[in-house]
4 protein chains.
Amino acid sequence: MPKIGMEPIRRKALTDAAIEAIGARGSMHVTMSDIAGRAGVSPALAHHYFGSKEHLIAESVRSLLRDLRADADRALKAAANHRARVSAIIAVSFSDKQFSDEVVAAWLAFYVDAQRAPEIGRLLSIYARRLHSNLMSGLKPLAGESDAERIAEGAAAMIDGLYIRKALGAGPARHDAVALVEDHIETQLSELRRRTI
Amino acid sequence: MPKIGMEPIRRKALTDAAIEAIGARGSMHVTMSDIAGRAGVSPALAHHYFGSKEHLIAESVRSLLRDLRADADRALKAAANHRARVSAIIAVSFSDKQFSDEVVAAWLAFYVDAQRAPEIGRLLSIYARRLHSNLMSGLKPLAGESDAERIAEGAAAMIDGLYIRKALGAGPARHDAVALVEDHIETQLSELRRRTI
Amino acid sequence: MPKIGMEPIRRKALTDAAIEAIGARGSMHVTMSDIAGRAGVSPALAHHYFGSKEHLIAESVRSLLRDLRADADRALKAAANHRARVSAIIAVSFSDKQFSDEVVAAWLAFYVDAQRAPEIGRLLSIYARRLHSNLMSGLKPLAGESDAERIAEGAAAMIDGLYIRKALGAGPARHDAVALVEDHIETQLSELRRRTI
Amino acid sequence: MPKIGMEPIRRKALTDAAIEAIGARGSMHVTMSDIAGRAGVSPALAHHYFGSKEHLIAESVRSLLRDLRADADRALKAAANHRARVSAIIAVSFSDKQFSDEVVAAWLAFYVDAQRAPEIGRLLSIYARRLHSNLMSGLKPLAGESDAERIAEGAAAMIDGLYIRKALGAGPARHDAVALVEDHIETQLSELRRRTI
DNA sequence: CATGAATGAGTTTTCATTCAT
DNA sequence: TATGAATGAAAACTCATTCAT
């Protein structure tokens with residue numbers, strides 16, 4: 001059994017394991033051994049492939065973002081109109097996969113870690129900008145630049161807030177979370193339409 | 001240098017130092033030495049008074065919550081009517097003191113730590129419930145139980161989300177944050193008034 | 001309320017508390033705070049009176065020995081004849097006071113501490129010699145120097161062994177312990193009488 | 001320098017070093033650094049293999065007991081008759097290896113530690129029971145159940161007592177210790193034979 | 001006489017990381 | 001490619017002891 005071409009397999013297994021471990025514990029307080037163990041390899045191998053825990057974590061965040069982006073792109077492509085684009089983004093944010101206990105807990109842990117690790121901060125800022133621009137792509141045609149900006153900002157904050165509340169175990173269920181954000185958007189748009197008439 | 005009655009002084013200095021240290025580093029990754037050093041005492045004294053790091057942290061969260069509650073109570077007392085009560089709560093959440101980089105970073109760190117330390121989780125849940133009930137006390141008379149519930153939920157999520165974004169350095173400034181939440185509330189109430197006419 | 005003449009009272013309270021604490025925990029792993037707390041004073045006062053934990057412990061051992069000696073002296077005085085003197089010593093060794101769980105545990109702890117603290121070792125050697133000479137005072141007239149020596153040595157070892165087994169919770173009850181040593185002595189004396197006829 | 005299969009070697013070296021260190025100091029007051037240093041490894045490695053000091057100590061006691069049992073089994077196998085079995089057990093208890101200053105001091109330290117650590121207590125109880133049953137296996141055929149019980153109990157106490165006295169530096173030499181216990185047994189059996197005729 | 005305040009020195013434990021194989 | 005072996009550095013926690021009052 002040739003042991004060739006293992007690198008991509010191991011890297012994937014390790015970043016998945018890192019997210020899993022961090023999500024399970026709800027904090028960065030996981031050891032390389034934990035992570036490597038979950039991936040079925042030795043801690044030394046994790047180092048071999050990533051150089052340091054720092055790098056492995058950063059790569060894991062990147063993987064999470066890639067995943068989220070792919071989901072968002074797919075959902076946007078399927079959206080029939082501007083309004084549907086906005087709903088698509090919201091739906092992805094609260095999909096079973098993204099809004100699972102584990103992934104939410106991992107996100108929150110990464111947010112905190114961003115304070116210490118600039119690279120993580122950079123990556124999360126990218127996510128924040130992308131969420132904003134995704135929302136804007138649907139809202140701008142409906143509300144105009146300035147109002148869209150305000151509505152998107154509010155929706156984004158609400159989404160992040162619902163994540164934090166979920167992590168605390170105090171937030172609404174998946175379905176209600178979607179309703180809350182949709183309601184915010186709908187009410188804002190409705191008010192806008194009324195005024196501009 | 002009085003040598004008696006130091007206990008309350010030291011306890012206060014230590015919980016303040018803990019929040020300061022955690023806020024500065026943006027995570028629980030602070031040592032008892034860091035904290036004690038900021039308070040101008042030895043790590044051993046911190047243990048002497050609190051028994052463990054765990055207890056010191058919990059006490060610090062309690063102190064933060066007491067502070068927030070006192071601010072909220074003061075602000076509510078000064079509010080002339082229901083609508084003003086809602087604005088008072090929002091204003092307190094984004095006051096210079098509560099929305100400072102340091103305090104926001106500490107809050108976020110505590111949120112993550114809540115995953116590991118049930119006591120912290122309990123305390124943060126209390127905060128979440130109190131924020132909700134404070135908002136409800138103003139909104140219920142204006143919107144009725146069920147709609148008030150929805151509006152408060154959305155506002156609370158938005159507030160928490162703005163905290164997380166602030167911690168990431170990606171959020172709006174203090175003033176815009178208030179505007180965003182106020183706008184959410186105002187729009188929701190306005191829409192409601194329109195419908196119920 | 002004059003605070004004069006407290007010294008002997010405090011010293012007694014502290015040595016008693018030390019034995020109590022060590023007996024309760026079954027090892028020297030007691031803190032000055034434990035001891036002082038049991039004596040109802042501050043750790044600082046214990047230091048004031050004894051200078052160091054080392055000295056307090058040594059004084060506690062001395063106190064235990066004084067007590068044992070007083071009991072032995074009383075019992076010997078009441079003994080009608082040589083044989084009764086031997087039984088008196090055995091009875092004292094297994095009296096309710098000396099053979100209590102607490103005192104036995106303290107003795108054992110002191111034995112171990114003697115390895116580290118020469119002063120404790122010196123004191124325990126005094127006890128060993130005194131036990132031996134007390135037994136000898138009764139046995140020599142009955143068995144002659146050389147045989148008395150052997151019988152006393154065996155009895156002393158048996159007594160110490162019964163202490164160790166009691167500490168482990170594996171030994172016989174107080175009454176059976178006495179019977180065992182008495183049986184050893186009686187059998188030895190009886191065998192001796194038979195031979196010397 | 002082979003780099004594989006070190007685990008059993010290190011484990012053995014560490015338990016040996018623990019007994020050595022505890023024996024040398026005569027108490028449990030040895031640090032992981034002491035022990036690891038004697039074994040020629042870092043304290044971290046000791047933790048790596050045993051998880052905690054507690055576990056390392058327990059394993060060391062187990063090792064001591066295994067050793068003693070092996071010696072006893074060997075000696076019993078070589079014994080020609082019942083009386084020889086009894087002597088074999090006594091001889092093993094006072095063999096050069098088991099009755100060395102170091103091992104005796106370690107035993108005593110373990111006895112005290114048993115008060116605090118239930119696992120150690122359990123192990124020492126096993127030893128006490130085994131010593132008893134080993135003595136009984138030789139004595140019962142010679143003296144009958146009830147008398148054998150009493151003789152064994154006395155002999156076991158005497159053996160333990162001689163250990164404690166050795167640790168204190170107050171006991172008889174190896175040879176005299178054996179003579180004392182043998183004399184106890186022989187006298188008891190002789191008295192018994194005389195009576196039952 | 002008595003103590004609350006305070007600490008230095010020491011101990012166990014954890015963990016990312018390195019390295020020889 | 002992969003790992004078992006090993007450690008240095010750091011952190012929480014303990015406790016005898018000192019000192020000012």
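Reminder, nothing fancy here: chain letters follow the sequence lines and each chain counts from 1. Atoms considered below: every heavy atom in the structure, side chains included; atoms not considered: hydrogens, waters and symmetry mates.
Near-neighbour residues of DNA chain F inside residues 107-118 of chain A, defined by a heavy atom below 4.0 Å, are absent. Contacts with DNA chain E (heavy atom under 4.0 Å) in residues 28-37 of chain A: V30(A), T31(A), M32(A), listed by number.
Within 4.0 Å (heavy atoms only), E7(A) reaches no atom of the nucleic acid at all.
Taken from NE2 in H55(D) to OG in S60(D), the straight-line distance is 12.5 Å, to the nearest 0.5 Å. R116(B) CZ to D113(B) CG: the interatomic distance, rounded to the nearest 0.5 Å, is 4.5 Å. Taking CG from L123(A) and CZ from R66(A), the interatomic distance works out to 10.0 Å, rounded to the nearest 0.5 Å.
Between E54(C) and A117(C), the closest heavy-atom pair is OE2-CB, 3.2 Å. When all heavy atoms of A39(A) and L14(A) are compared, the closest pair comes out as CB-CD2, 3.7 Å. Across every non-hydrogen atom of M32(B) and A46(B), the tightest pair is CE-CB, 3.9 Å. When all heavy atoms are compared, the tightest approach of A17(C) to I35(C) is CB-O, 3.4 Å.
For R10(C), no side-chain nitrogen or oxygen approaches OP1 or OP2 of dC1(E) to under 4.0 Å. Note on H48(A): a side-chain N or O is less than 4.0 Å away from OP1 or OP2 of dT1(F).
Residue K53(A) places its side chain closer to dA16(E) than to any other of dT3(E), dA16(E), dA6(E). Side-chain atoms of L45(A) lie closest to dT3(F) of the nucleotides dT12(E), dT3(F), dA16(F). Of the candidate nucleotides dA2(E), dA6(F), dT1(F), dT1(F) has the atom lying nearest to any side-chain atom of Y49(A). Nearest to the side chain of S52(D), among dG4(E), dT13(E), dT3(F), sits dT13(E). Among the nucleotides dT3(F), dA5(F), dT3(E), the one closest to the side chain of A44(A) is dT3(F).
Regarding I57(C), its CD1 atom lies at a distance of 12 Å from the C1' atom of dA16(F), rounded to whole Å. Straight-line distance from the NE2 atom of H47(C) to the P atom of dA5(E): 18 Å, rounded to whole Å. Summarising the geometry, the separation between CE on M6(B) and P on dC19(F) is reported as 18 Å, rounded to the nearest angstrom.
Comparing G51(D) and V41(C), the nucleotide of DNA chain E nearest to each residue sits closer to the 5' end for V41(C). Across the interface with DNA chain F, nearest-nucleotide mapping of E54(C) and P43(D) shows P43(D) to be the residue nearer the 5′ end.
Note on residues 37-47 of chain B: pairs passing salt bridge (charged side-chain N to carboxylate O under 4.0 Å, His left out), not counting sequence neighbours, are E20(B)-R38(B).
Although no hydrogens or angles enter the test, the distance criterion places no donor-acceptor pair under 3.5 Å between the side chain of E59(A) and the main chain of T15(A). With K53(D) contributing its side chain and V30(D) its backbone, the two residues share a donor-acceptor pair below 3.5 Å.
By the ring pair (Phe, Tyr, Trp, His ring centres under 6.0 Å) test, Y127(C) is found to be paired with W107(C), residues two or more places apart in sequence or in another chain being considered.
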Would you write the dot-bracket representation of DNA chain E, where each base gets (, ), [, ], | or . depending on whether it forms a Watson-Crick or G-U pair under 3.5 Å and with which partner? .||||||||||||||||||||
Kindly list each side-chain donor-acceptor pair under 3.5 angstrom involving residues 22-29 of chain C, sequence neighbours excluded, with atom names and distances?
{"unit_1": "R25(C)", "atom_1": "NE", "unit_2": "H29(C)", "atom_2": "O", "d": "3.3"}
{"unit_1": "S27(C)", "atom_1": "OG", "unit_2": "H29(C)", "atom_2": "N", "d": "2.9"}

